Enquirer: 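First, the structure itself, so that you have it in front of you.
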Amino acid sequence: MDDTGPGNHGPGLLWRAFGSRSFDVPCTIEIERTADSLHAHAIPEGVELRPGDRVMVHGAPDNVPFGTVVTLPGRATVHRAAWAERTWTTAVALFELTELYHCGFEPKGALA
């Protein structure tokens with residue numbers, strides 16, 4: 001079905017609110033396994049990630065020898081969050097951040 005005809009400006013309201021789309025992008029995979037650090041990062045190239053988006057990395061090694069740092073090219077699939085999921089993720093993140101504000105600000109007399 002072609003949704004670009006006259007009077008139609010793209011996908012419908014329900015699709016924009018609850019639908020999602022996926023696409024592949026190149027990425028840089030960085031893995032470090034040393035005495036100082038154990039981490040892995042996949043950095044998608046040419047795309048800005050937004051709240052609720054998910055990234056699946058393809059072709060990353062499953063084992064890196066101890067004492068090495070590896071940087072290699074790879075592919076990733078970005079699953080864009082729909083409007084509803086993006087809004088929910090943003091709201092939940094703000095709520096969790098405000099939970100941190102509450103911690104540790106009680107008056108001295110209230111603790112006794």
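It should be emphasised that the depicted structure is a prediction, and the values quoted were computed from it without experimental measurement.
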Enquirer: Quick one: are Val78 and Glu48 in side-chain contact, heavy atoms under 4.5 Å?
Expert: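 A side-chain contact under 4.5 Å is absent here.
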Enquirer: Return the minimal non-hydrogen interatomic distance between Val64 and Pro61, and the atom names on each side.
Expert: CG2-CG, 4.3 Å
Enquirer: Between atom CG of Leu72 and atom CD1 of Ile29, what is the distance when rounded to the nearest 0.5 Å?
Expert: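 The CG atom of Leu72 sits 5.0 Å away from the CD1 atom of Ile29.
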Enquirer: Measure across Thr34 and Gly67 and return the closest heavy-atom pair with its distance rounded to 0.1 Å.
Expert: CG2-C, 4.0 Å
Enquirer: Would a 4.5 Å heavy-atom cut-off, applied to side chains only, mark Val55 and Asp53 as touching?
Expert: no
Enquirer: CD/Glu85 to CZ/Arg54 distance, rounded to the nearest 0.5 angstrom?
Expert: 5.5 Å
Enquirer: Distance check, rounded to the nearest 0.5 Å: Arg75 atom CZ versus Glu45 atom CD?
Expert: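 So the CZ of Arg75 and the CD of Glu45 are separated by 9.5 Å.
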Enquirer: Let me check something: do Val57 and Ile43 share a hydrophobic cluster, defined by ILVMFWY side-chain heavy atoms less than 4.5 Å apart, either directly or through other members?
Expert: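 Unlinked, Val57 and Ile43 end up in two clusters.
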Enquirer: Is Val92 linked to Trp83 within one hydrophobic cluster, defined over Ile, Leu, Val, Met, Phe, Trp and Tyr using a side-chain heavy-atom separation of less than 4.5 Å?
Expert: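 As far as the 4.5 Å side-chain criterion goes, Trp83 and Val92 are not connected within one cluster.
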Enquirer: Can you confirm whether Glu32 sits close enough to His41 that some side-chain heavy atom of one is under 4.5 Å from a side-chain heavy atom of the other?
Expert: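 The answer is no, as the side chains (C-beta and beyond) never meet within the 4.5 Å cut-off.
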Enquirer: Assigning hydrophobic clusters by single linkage (Ile, Leu, Val, Met, Phe, Trp, Tyr; side-chain heavy-atom cutoff under 4.5 Å), is Leu49 placed with Phe23?
Expert: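 Yes, it is one cluster - the side chains of Leu49 and Phe23 are joined through contacts under 4.5 Å.
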Enquirer: Could you state the interatomic distance from SG (Cys27) to NE2 (His58), rounded to the nearest 0.5 Å?
Expert: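 Between Cys27 SG and His58 NE2, I get 8.5 Å after rounding to 0.5 Å.
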Enquirer: Okay, side chain of Arg80, backbone of Arg21: is any donor-acceptor separation there less than 3.5 Å?
Expert: no
